[in-house]
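Following: one structure in structure tokens, then a few remarks.
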Amino acid sequence: MGENLIIATGKGDINLERSYTAIGLKRTSVRTSIGVRLEIPKEGMDYMKAKSNNLKIKKHYENAYVKTHCVCYAGEVVPYRAQQMSLVGGRADSYALRDTSNVNILYRSARQNSLDAALNTLRKFEKVSNGNVVYQTIDDFLESNISDGLFIPNRDWEIKGDVSKLFDKTVYESLRDFLITVYEKKYIDIRHGLVHAPAAEWIVPQVSVNFNFETDVDGLFVVGDGSGKTQGILSAAVSALRATNVIRQRRNAA
């Protein structure tokens, strides 16, 4: 092996926790967010669109908060695999506008290390859904009923189910209250909507790294979302630049 190594897995459909443990990398605590992806008719998100392309709405609860995240106006809901689990996200294409908009509604505990509890919930979804995303009408989610007869065409990656029953009680009640609040305040018109789950962020175990994303092992760098320190393309790219700049400086000084 060379004198420097950069690990850049992304979130990845692999068990990063097991991999990092095998290498002997130290971990730090992480606060994980879990929740649902709300999909509604496009005009239901006009208020948010008028304020910002990615407006953040947040409401605090006891030792937690719920927030909107990753707004996709006139976009589509999409599945992806991470940490050997099926999750749901969204994307938007200005050249292919759709009739619906979508956004994450995420619950985040104030506990310093909430990763294990979140992963337990995500694994419950994975087991019950057999690796699929689960969907439910917004009305049934709020009332904790199953969406009998509902069918989404051209989405063979989803099954219908009672999303509300798969979350811990505190998480579900906070998500429910938040959805009712944003509707009553006319921030988001949730009527005729669907919820897709599970949605999550910060589900990768955080590796102990310095400012340049170098681990306790000299010359070993872990960058991007796989480090648990970044979330998204831009911050991931910055982490890689920091690592490569350090490597170049060391080589030039040799």
Side-chain angles (χ1 to χ4, degrees), residues 8-17 20 27-39 48 52-61 63-73 75-92 101-126 129 133-135 163 166-168 170-172 174-175 178-179 182 188 195-207 209 213 222-239:
T9 64
K11 293 178 181 177
D13 190 20
I14 58 177
N15 191 321
L16 289 173
E17 184 173 12
Y20 293 157
R27 287 178 50 190
T28 58
S29 59
V30 55
R31 292 174 59 199
T32 303
S33 302
I34 59 173
V36 300
R37 189 90 188 170
L38 174 67
E39 181 182 25
M48 296 184 71
S52 169
N53 284 331
N54 193 17
L55 180 67
K56 295 291 191 296
I57 301 174
K58 182 185 292 187
K59 183 174 182 179
H60 288 270
Y61 298 87
N63 297 320
Y65 64 78
V66 177
K67 68 170 185 176
T68 58
H69 173 73
C70 188
V71 176
C72 291
Y73 185 80
E76 63 178 329
V77 176
V78 295
Y80 66 98
R81 295 282 296 178
Q83 294 282 68
Q84 298 181 318
M85 295 175 291
S86 290
L87 301 173
V88 65
R91 67 184 177 196
S101 294
N102 59 86
V103 60
N104 275 349
I105 309 296
L106 297 175
Y107 171 95
R108 192 177 198 187
S109 171
R111 289 193 305 139
Q112 191 59 31
N113 191 3
S114 55
L115 176 61
D116 290 341
L119 289 178
N120 286 337
T121 297
L122 297 177
R123 291 182 184 120
K124 186 192 303 182
F125 271 95
E126 186 74 6
S129 69
V133 172
V134 184
Y135 70 88
V163 174
L166 295 174
F167 288 108
D168 292 342
T170 299
V171 176
Y172 166 67
S174 300
L175 293 172
F178 182 85
L179 286 165
V182 295
I188 305 175
V195 292
H196 311 265
E201 63 173 346
W202 302 111
I203 63 169
V204 175
Q206 287 190 358
V207 180
V209 295
F213 287 80
V222 182
V223 303
D225 289 1
S227 68
K229 299 288 188 179
T230 69
Q231 188 81 18
I233 295 173
L234 183 59
S235 56
V238 170
S239 71

(message) Restricting to non-hydrogen atoms, name the atom on V223 and the atom on A8 that form the minimum distance, rounded to 0.1 Å.
(response) CG2-CB, 3.6 Å
(request) Measure the shortest side-chain to side-chain distance between Q206 and R27 over non-hydrogen atoms and say whether it is less than 4.5 angstrom. (result) no
(message) Can you tell me how far apart CD1 (I203) and CD (Q83) are? Round to the nearest 0.5 Å.
(response) 5.5 Å
(message) If I take atom CZ from residue F178 and atom CG from residue L175, how far apart are they, to the nearest 0.5 angstrom?
(response) 9.0 Å
(message) Restricting to non-hydrogen atoms, name the atom on S227 and the atom on F213 that form the minimum distance, rounded to 0.1 Å.
(response) OG-CE2, 3.8 Å
(request) Identify, with sequence neighbours excluded, every residue that meets salt bridge (charged side-chain N to carboxylate O under 4.0 Å, His left out) alongside K229. (result) none
(request) Search all heavy atoms of V204 against all heavy atoms of G226 and return the closest pair with its distance. (result) CG1-O, 3.4 Å
(request) Please check if the side chain of N63 supplies one atom and the backbone of A110 the other of a donor-acceptor pair under 3.5 Å. (result) no
(request) Indicate the atoms forming the closest heavy-atom contact of N102 with G89, along with that distance. (result) OD1-O, 4.4 Å
(message) Between T68 and I105 (side chain of the first, backbone of the second, donor and acceptor by atom type, cut-off under 3.5 Å), is there such a pair?
(response) no
(message) Could you check whether any side-chain N or O of S114 sits under 3.5 Å from a backbone N or O of S109, counting only pairs where one atom can act as donor and the other as acceptor?
(response) no
(message) Side chains of L55 and V71, heavy atoms from C-beta outward: is any pair under 4.5 Å?
(response) no
(request) List in chain and number order the residues that pass side chain to side chain donor-acceptor pair (under 3.5 Å) with Y61, two or more places apart in sequence or in another chain; answer none if no residue qualifies. (result) D177
(request) Find the distance between OG1 (T170) and OH (Y107) and round it off to the nearest 0.5 Å. (result) 5.5 Å
(request) Measure the spacing between CG of L38 and OG of S101 and express it to the nearest 0.5 Å. (result) 9.5 Å
(request) May I have all residue pairs that pass salt bridge (Lys or Arg N to Asp or Glu O under 4.0 Å) and include part of residues 63-73, sequence neighbours excluded? (result) K67-E201
(request) Please confirm whether the backbone N or O of G224 pairs with a side-chain atom of T230, one donor and one acceptor, at under 3.5 Å? (result) yes
(message) I'd like to know if the side chain of S86 reaches the main chain of R81, judged simply by a donor and an acceptor atom lying under 3.5 Å from each other, with no hydrogens or angles considered.
(response) no
(message) Once rounded to the nearest 0.5 Å, what's the spacing between atom NZ of K58 and atom NE2 of H69?
(response) 12.0 Å
(message) For a 4.5 angstrom cut-off between non-hydrogen side-chain atoms, does W202 reach Q231?
(response) yes
(message) Side chains of R37 and C70, heavy atoms from C-beta outward: is any pair under 4.5 Å?
(response) yes
(request) Please report the shortest heavy-atom distance between V133 and A197, naming the atom on each side. (result) CG1-O, 3.3 Å
(message) So, using side-chain contact (heavy atoms from CB on, under 4.5 Å) as the criterion, who are the partners of A199 when residues are at least two apart?
(response) V88, N104, L106
(request) Answer whether the closest heavy-atom distance between the side chains of I57 and V182 falls below 4.5 Å. (result) yes
(request) Verify, without hydrogens or angle tests, whether E39 (side chain) and H196 (backbone) share a donor-acceptor contact under 3.5 angstrom. (result) no
(message) Checking F167 against T121 for the side-chain contact (heavy atoms from CB on, under 4.5 Å) test, could you report, in this order, the C-alpha distance in whole Å, the side-chain angles of both residues, the deciding distance, and whether it holds?
(response) CA-CA 6 Å; F167 288 108; T121 297; 4.0 Å; yes
(message) Under the rule for salt bridge (charged side-chain N to carboxylate O under 4.0 Å, His left out), what residues qualify as partners of R91, not counting sequence neighbours?
(response) E76
(request) Kindly indicate whether the side chain of Y20, heavy atoms from C-beta on, has any atom under 4.5 Å from the side chain of T9. (result) yes
(request) Kindly indicate whether the side chain of V134, heavy atoms from C-beta on, has any atom under 4.5 Å from the side chain of F125. (result) yes
(request) With sequence neighbours left out, write down each residue that passes side chain to side chain donor-acceptor pair (under 3.5 Å) with R108, or none if nothing qualifies. (result) Y65
(message) Quick check: closest heavy atoms across P205 and L115, and the distance to 0.1 Å?
(response) CA-CD2, 3.9 Å
(message) Are E126 and K124 packed together at the side-chain level, in the sense that at least one heavy-atom pair is separated by less than 4.5 angstrom?
(response) no
